[in-house]
Protein chains: 2
Amino acid sequence: MTGSRNGVLELAVLGSLHENPLHGYELRKRLNTLLGMFRAFSYGSLYPCLKGLLTDGLIVEEEPPDDVVLGRRSKIVYKLTAEGKERLQELLTQAGPSSWEDESFGIHFAFFRHTEAEVRLRILEGRRSRLEERMENVRTALARTRERLDSYTLELQRHGLESVEREVRWLNELINTERAQAADKSQSERDERPGSDE
Amino acid sequence: MTGSRNGVLELAVLGSLHENPLHGYELRKRLNTLLGMFRAFSYGSLYPCLKGLLTDGLIVEEEPPDDVVLGRRSKIVYKLTAEGKERLQELLTQAGPSSWEDESFGIHFAFFRHTEAEVRLRILEGRRSRLEERMENVRTALARTRERLDSYTLELQRHGLESVEREVRWLNELINTERAQAADKSQSERDERPGSDE
DNA sequence: GGTCGATGTATCGAGCTGATACATCTGCAG
DNA sequence: CTGCAGATGTATCAGCTCGATACATCGACC
């Protein structure tokens, strides 16, 4: 039970390797493209994570095509094991603070196509609550502040608040879409005509 | 020369203490209100920073009102020294990568009222370049990607890109305002009527 | 008088970042 | 064909930060 890895990183790696086997360098590029606007992973965290996943048997080094046996070992391609896939499913099922914080929400969202509808909804709502809570904190703290702020500080506050409000609106749209899809699905299930109109 | 502190944190602390003396707890609250939407500082970084600033003589513990001498030492109020003010001015003059990265831009912006107009402009432009560079990287990386992405990943990309574009537009407005003010100023200087219409 | 939450200082282990080192492969200019 | 610059690729380390935790005091309220 070496298993006390980062969680976000673990999901990112297992999720990426689920699509297709990769080596470290390419894995990093993939992730940093996927999340380019939000965050960037560094080798100092990726390689230790890969090492841990190896010793836990969640991934293995993919064998070269067998005829090239000589020492030339430049790329190390990793792929998921059965346990790895199981662990990935487990991670994709969890909806908790670790799925809607700033650093981790993007990753969870990026793998939503492998996530159950109900879990998706809970993560989106959790994220929204998190942002609303943050706005509330800042607002009350601001209200308690006696001295009035200079124009630059005010502008920073305004811009920050507006950005968060925009993300909340974005989340609202996504949540509505998810709800509508869930309603469609349960409706067509009630009609017992599965797959009739889509 | 103990001086290899974090920089962002140093600016945040010195800048806050410049407004008025504070103790650690209040300092943290101030900063986390000021930057509530962007980041949060923890004690684990604040206290070591304060300790370093103390040993470097940039801040000192403020003396209690002198008649209460008995051991009751619950609050430790810090204030800037002359060297501290000097150091703060030095930090406020610097415009470089450390002023426009994600973690530090907010701090620098929050203290813009103490920053010279020219430095403000360079920081805003540096921040804009940084964001445009990031967009460019993601866009070319996306273009090189062969396989088409699923709808969730696409939506994440779209939302991230839109957020960054919005921040660029915001920066553009700020830069225009700054330029206009600079032009006004040099105009009124050319007229040799300092302070006539303000 | 008791006790609960806010205020307040302080530290520690776990884990990440940014830098660095070093090897290989590929394209291409001379 | 040779050399060499830049992309590809693996790996580690010092320094720093986060989140948790510990502990003490204070004011308010019943």
Nearest 0.5 Å, please: how far is CD in A/Glu162 from CE in B/Met37? 11.5 Å

Select one nucleotide: of D/dT10, D/dT8, D/dC16, the one nearest the side-chain heavy atoms of A/Lys29. D/dT8

Out of curiosity, B/Asp102 CG to B/Leu131 CG, how far, rounded to the nearest 0.5 Å? 7.5 Å

To the nearest Å, give me how far apart CZ (B/Arg28) and C1' (C/dT11) are. 15 Å

Gap between atoms OH and P, on A/Tyr25 and C/dT24 respectively (whole Å): 17 Å

How long is the line joining CG of A/Leu50 and P of D/dT12, in whole Å? 12 Å

If you pin B/His23 and B/Pro48 to their nearest nucleotides in DNA chain C, which one's is more 5'? B/His23

Using every non-hydrogen atom in the two residues, find where B/Gly160 and A/Phe38 come nearest and quote the distance to one decimal. CA-CZ, 3.6 Å

Between D/dC18 (P) and B/Leu9 (CG): distance, integer Å: 8 Å

Specify the separation, in whole Å, of atom CG of B/Asn32 and atom P of D/dG19. 11 Å

Measure the spacing between NZ of B/Lys85 and CG of B/Leu88 and express it to the nearest 0.5 Å. 10.0 Å

Lys/Arg-Asp/Glu bridge criterion (N-O < 4.0 Å) met for B/Glu10, B/Arg87: yes

Show the nearest heavy-atom pair for residues A/Ser16 and A/Leu27, with the distance to one decimal. CB-CD1, 3.5 Å

Rounded to whole Å, CG of A/Leu27 lies from P of D/dT8 at a distance of 15 Å

Phosphate-side-chain proximity, A/Lys51 and D/dA11, N/O vs OP1/OP2 below 4.0 Å: no

Value in whole Å for how far the C1' atom of C/dG8 lies from CD1 of B/Ile76: 9 Å

Under 3.5 Å side-chain donor-acceptor pair for A/Glu19 and A/His114: yes

Starting the side chain at C-beta, find the nucleotide from D/dC16, C/dC16, D/dA11 nearest to A/Tyr78. D/dA11

Taking DNA chain D as the partner, which of residues 34-47 of chain B come within under 4.0 angstrom of it by heavy atom? B/Arg39, B/Ala40, B/Ser42, B/Gly44, B/Ser45

Nearest-Å distance for atom pair CG/P, residues A/Asn6 and C/dT17: 9 Å

